[in-house]
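Each remark here refers to the structure printed beneath this line.
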Amino acid sequence: MLDLLRLAAVGAVILYHYGFWGTASHGVQKVALPHLAPVAQYGFLGVPVFFAISGFVIAYSAEGRTPVGFAIARFSRIYPTFVICMTLTFLTTLLLGHTWFHVTWSQWLANLFIAAPMLGQPYMDDAYWSLVIEVVFYVWVALFLAFGIFPRKIDTIILAWIAITFANELTLDVPLFEKLFMADDSGFFAVGLLIYEHYRGRRDTRLYSLLTLAMGTATFQAVHKLERLGVHTHGSFDPGIVTAICIVSLGIVFAATRIKSVPLPDSLVRAVGGITYPLYLLHLQLGYVILLLTTPVPDAFSTAFVVAGMVALAWFVWRFLEGPAHYFVRDALTMLAARQGWPSRLGRPRDALLTDG
């Protein structure tokens, strides 16, 4: 069920980029589908909702793993696909999109490190900013695993995290704190972590209190972003609608973890879950290039055609490229770690690491 929600979250982001934000950031076209703008403008919330899902999934992934095993699992899951999709975006833009977008080999090289702005280069695709936040979250989880406090001290971690968030958002406003502690999105990650606690069977009052606090923090953060978002997009957002979307969306994420199965073929559900990550990485910059090649004035038909093409390309990446790259990197890193005496799983014999990941 969470796979379907991830696709819905990515779909909301695609609606936002093609129905509201469009190519405005590059001064090419204000919106692709102006008549959808009043609805599409709230699609930006797909990203923080995805963070909540990520909080759940990462807590699940970390269980039973050592810090090294967790790091290998996350790196092999996100990095090979990122390099594939980023390179596809770069080559397409370089060969076909140079009329509208400027890319360089230096930019491609810097983007191999994901956080390209730290190396003085722009992201290859503006959507990559959220991937940096995901990586920071992974680093924190790996550190907490190394110190033996995750998930054992999850309540303390979340309370401290939320306290730092409000201290920075309401008083300090230190950019380094914002990035280091994900102060704009911490509430969403915290919701996901706590939902996993509930999924594991925890039912105490403290959990429900923390979950309520985390949901309130997430909603506050989403509303708090509106002023900056309004300046960036020249849009007008209703805080009440944003609040309602946050509460309903996080409630759906919670409910989805209680659903054991859906009346859909397993192969379809796997494909839906599989394409969400490459689709997110590919849909924006590469999609804009194809859209502008298709027609100088995007309309509903050309936009639907391009989005369908991005879905097909994401499926191709997932079906034929992502799997081999993921398993190659995972197995190579697992073997390297095993040779150094660093097990990937807790309480597992070392030889099992060659096939178990």
Side-chain angles (χ1 to χ4, degrees), residues 4-50 85-103 122-130 225-226 229-238 241-242 245 249 268 271-272 274-319:
L4 301 179
L5 287 183
R6 283 196 285 198
L7 182 62
V10 172
V13 176
I14 292 174
L15 179 64
Y16 173 74
H17 284 143
Y18 285 88
F20 174 69
W21 190 53
T23 50
S25 66
H26 300 281
V28 180
Q29 175 75 22
K30 177 58 180 175
V31 289
L33 302 171
H35 56 282
L36 287 181
V39 175
Q41 66 178 3
Y42 294 102
F44 78 92
L45 291 168
V47 173
V49 170
F50 198 93
C85 293
M86 188 271 290
T87 302
L88 283 173
T89 297
F90 167 68
L91 292 176
T92 303
T93 306
L94 184 69
L95 297 175
L96 302 175
H98 53 84
T99 302
W100 307 283
F101 308 106
H102 177 69
V103 295
Y123 293 121
M124 188 64 66
D125 185 305
D126 287 340
Y128 293 173
W129 67 269
S130 63
K225 290 179 183 179
L226 295 183
L229 194 61
V231 172
H232 182 62
T233 65
H234 307 290
S236 178
F237 300 84
D238 186 332
I241 293 177
V242 171
I245 292 174
S249 298
L268 176 61
V272 165
I275 69 170
T276 52
Y277 180 46
L279 179 58
Y280 181 79
L281 294 174
L282 292 167
H283 81 275
L284 184 52
Q285 172 93 349
L286 191 150
Y288 284 172
V289 170
I290 303 302
L291 183 63
L292 292 169
L293 282 173
T294 304
T295 174
V297 182
D299 55 20
F301 177 79
S302 61
T303 301
F305 174 79
V306 168
V307 171
M310 292 302 100
V311 171
L313 181 58
W315 177 85
F316 178 84
V317 170
W318 166 73
R319 182 67 177 81

- When rounded to the nearest 0.5 angstrom, what distance separates CG in L226 from CZ in F44? 5.0 Å
- Minimal non-hydrogen separation, W318 against P278, with atom names: CB-CG, 4.4 Å
- Taking all atoms of both residues into account, what is the closest heavy-atom pair of L286 and L282, and its distance? CB-O, 3.4 Å
- With sequence neighbours left out, the residues meeting side-chain contact (heavy atoms from CB on, under 4.5 Å) with L94 are F90, V103, W105
- Task: Please lay out, stage by stage, how W129 and V47 fare under the test side-chain contact (heavy atoms from CB on, under 4.5 Å).
- Result: CA-CA 10 Å; W129 67 269; V47 173; 3.7 Å; yes
- Task: Rounded to the nearest 0.5 Å, what's the gap from OG1 on T92 to CD1 on I290? Could you check?
- Result: 6.0 Å
- Message: Please verify the inter-ring angle class for H283 with H17; under 30° counts as parallel, over 60° as perpendicular, anything in between as tilted.
- Response: parallel
- Message: How close do A9 and F50 get, counting heavy atoms only, and between which atoms?
- Response: CB-CD1, 4.1 Å
- Would you sort out whether L281 and D125 count as a side-chain contact (heavy atoms from CB on, under 4.5 Å), showing the intermediate values? CA-CA 8 Å; L281 294 174; D125 185 305; over 6 Å; no
- Under the side-chain contact (heavy atoms from CB on, under 4.5 Å) criterion, do L279 and L7 qualify, and how do the steps go? CA-CA 9 Å; L279 179 58; L7 182 62; 4.2 Å; yes
- Message: Before you tell me yes or no, could you show the steps for V306 and Y18 under side-chain contact (heavy atoms from CB on, under 4.5 Å), namely the whole-Å CA-CA distance, both residues' side-chain angles and the distance that decides it to 0.1 Å?
- Response: CA-CA 10 Å; V306 168; Y18 285 88; 4.0 Å; yes
- Task: Look only at the side chain of Y280 and the backbone of A127, and say whether a donor-acceptor pair between them is shorter than 3.5 Å.
- Result: yes
- Quick one: sort the F20 and Y16 rings into parallel, tilted or perpendicular, breaks at 30° and 60°. tilted
- Of L291, L293, L292, the residue whose pairing with V289 passes side-chain contact (heavy atoms from CB on, under 4.5 Å): L293
- Item | Non-neighbouring partners of F316 that pass side-chain contact (heavy atoms from CB on, under 4.5 Å), sequence neighbours left out | F320, L321
- Is atom CZ of F237 surrounded by more than 12 heavy atoms (other residues, nucleotides or ligands) closer than 6.0 Å? yes
- Task: Spell out, as yes or no, whether a donor-acceptor pair under 3.5 Å connects the side chain of T303 to the backbone of A300.
- Result: no
- At their closest point, which heavy atom of A40 faces which heavy atom of G19, and how far apart are they? CB-C, 3.7 Å
- Query: Parallel, tilted or perpendicular: which fits the ring planes of Y128 and Y123, with parallel below 30° and perpendicular above 60°?
  - Reply: perpendicular
- When every non-hydrogen atom of V10 is compared with those of T276, the smallest separation belongs to CG2-O, 3.8 Å
